[in-house]
Asker: 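The structure's right below; bear with me while I get my questions together.
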Amino acid sequence: MTGVICGTGSYVPTQILDNHRLSELVETSDEWIRERTGVIRRHIATEETTVSMAAEAGRRALKDAGMDSKEVEMILVSTISSNVILPCAACEVQKILGAEHAVCFDLNAACSGFLFAYQTAQAYIAAGMYRKILVIGSESLSDLTNWKDRSTCILFGDGAGAAVLKAAKGRTFISAAHSDGNSAEALTCSSRHRRDWKDRPEEETYMQMDGRRVFQFAVKKVPEVVTELLDANQVKAEEIDYFLLHQANRRIVESAAKRMGLGIEKFPMNLQEYGNTSSASIPILMDELRRNGTLKKGQKLVLAGFGAGLSWGASLLEWQL
Ligand code: UT7
């Protein structure tokens, strides 16, 4: 058995923060942000929370799949920005959706989170333990953003995306995933609940990033892991219709396409509209491509995530909707 995506959904906050408004908060410019990142605006949660966005994206994905919430056997929420430490966001989503038969837990793998959650769901399905799984990536990164730090606040945004996986007969693809805890300091955010946090600099409770280092890591590791994935499945890059990369920076996506010798048209992007939404970026993009008719039954897609940990990975799937 393999898991096929039978529905997608997403939710982004209505409040928009564009580069011009941001340049009133920190010393930056629309020109610099566009040129270095490709981001033009991002959506910022005001009324919304990580849980409310996750639940709405999940509800839309279930509607798309034509599946009642009571049929869902597992809810996985990937997030680094949950409203509370306990209970997990997935249990709160379960309550909102009335998915009373689901087992629920969260997964923290930062910007690789949706990808790792998707792989986890596939493993449960392959093991025959669950047949209908709702996988969600949801983030309120604006809560973890230091709005005085121009090297990070220009990048991030809020939102949620979801996919429903259903067990079906079909080809099971091998996936690829890696972590490098030795490089953990490249991207960090300390908990405000630490016993000693009052004695520590406030900046540490926000995301802190060695941007150049993460950039170098991403442009090297993404093509590497995609090549590893394709080799393991004996599929050629030319056979892939679309590569859905984590939406961190337009230059990272362009560099990956170039290193793999592929046209940029195979690498759809929406980071100009949402910024980097961490674990929500891949499912939001997937849902947009589904809704605008880009994705067609039988197409082969590669999903690739990378980020804090450091962590990175890729999965191959055949689109069935
Ligand atoms: O999702 C998790 C993974 N995260 C990522 O993938 C992020 C990866 N990194 C990046 O996307 C890029 O490194 C950034 C967008 C964060 C930064 O772009 P960069 O081209 O690497 O810039 P830089 O850090 O090398 O800085 C270049 C210059 C510096 O000035 P000097 O030292 O050359 O005088 C910075 O101080 O740009 C300056 N700078 C800015 N200037 C205007 C840094 N941030 C800004 C800013 N506006 N917002």
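These numbers come from the heavy atoms of this one structure, side chains and all, not from hydrogens, waters or symmetry mates. Counting starts at 1 for both ligands and their atoms, in listed order. Because the structure is predicted, anything quoted here is derived from the model rather than measured.
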Asker: May I ask you to list the atoms of ligand 1 that are less than 4.0 angstrom from any heavy atom of Asn276?
Answerer: 1 (O), 2 (C)

Asker: Below 4.0 angstrom from a heavy atom of Thr28, which ligand 1 atoms are there? Numbered from 1 as shown, please.
Answerer: 42 (C), 46 (C), 47 (N), 48 (N)

Asker: Considering residues, nucleotides and ligands other than Arg131, do more than 12 of their heavy atoms fall under 6.0 Å from its CZ?
Answerer: no

Asker: Which ligand 1 atoms are under 4.0 Å away from a heavy-atom of Cys111?
Answerer: 1 (O), 2 (C)

Asker: Regarding ligand 1, does Gly211 bring an N or O atom to under 3.5 Å of one of the ligand's N or O atoms?
Answerer: yes

Asker: Just which atoms of ligand 1 are under 4.0 Å from any heavy atom in Ser151?
Answerer: 16 (C), 44 (N)

Asker: Just checking, is any N or O donor in the side chain of Ser140 or Thr50 under 3.5 Å from an acceptor N or O on the other one?
Answerer: yes

Asker: Any idea which protein heavy atom is nearest atom 39 (N) of ligand 1, and the distance to it?
Answerer: Trp32 CZ2, 3.4 Å

Asker: What protein heavy atom sits nearest atom 23 (P) of ligand 1, and how far away is it?
Answerer: Arg212 NE, 3.5 Å

Asker: Indicate the ring-plane relationship of His43 and Tyr274, choosing parallel, tilted or perpendicular according to the 30° and 60° boundaries.
Answerer: tilted

Asker: Against heavy atoms of Arg251, which atoms of ligand 1 measure under 4.0 Å?
Answerer: 18 (O), 19 (P), 20 (O)

Asker: Any protein heavy atom lying closer than 4.0 Å to atom 25 (O) of ligand 1?
Answerer: yes

Asker: Counting only heavy atoms on the protein side, is anything nearer than 4.0 Å to atom 14 (C) of ligand 1?
Answerer: no

Asker: Can you name the atoms of ligand 1, numbered from 1 with element, that are less than 4.0 Å from a heavy atom of Ile154?
Answerer: 48 (N)

Asker: Can you check whether a protein heavy atom sits less than 4.0 angstrom from atom 31 (P) of ligand 1?
Answerer: no

Asker: Kindly confirm or rule out an N or O of Thr37 lying under 3.5 angstrom from an N or O of ligand 1.
Answerer: no

Asker: Please report whether ligand 1 has a polar contact with Ser29, defined as an N or O pair separated by less than 3.5 Å (distance criterion only).
Answerer: no

Asker: Just which atoms of ligand 1 are under 4.0 Å from any heavy atom in Ile252?
Answerer: 6 (O)

Asker: Using a strict threshold of under 4.0 Å (side-chain N to carboxylate O), is an ion pair present between Arg36 and Glu31?
Answerer: no

Asker: With the threshold set strictly below 4.0 angstrom, can you tell me whether any protein non-hydrogen atom sits that near atom 11 (O) of ligand 1?
Answerer: yes

Asker: Would you mind running through ligand 1 and noting each atom that sits below 4.0 Å from a heavy atom of Arg36?
Answerer: 19 (P), 20 (O), 22 (O), 27 (C)

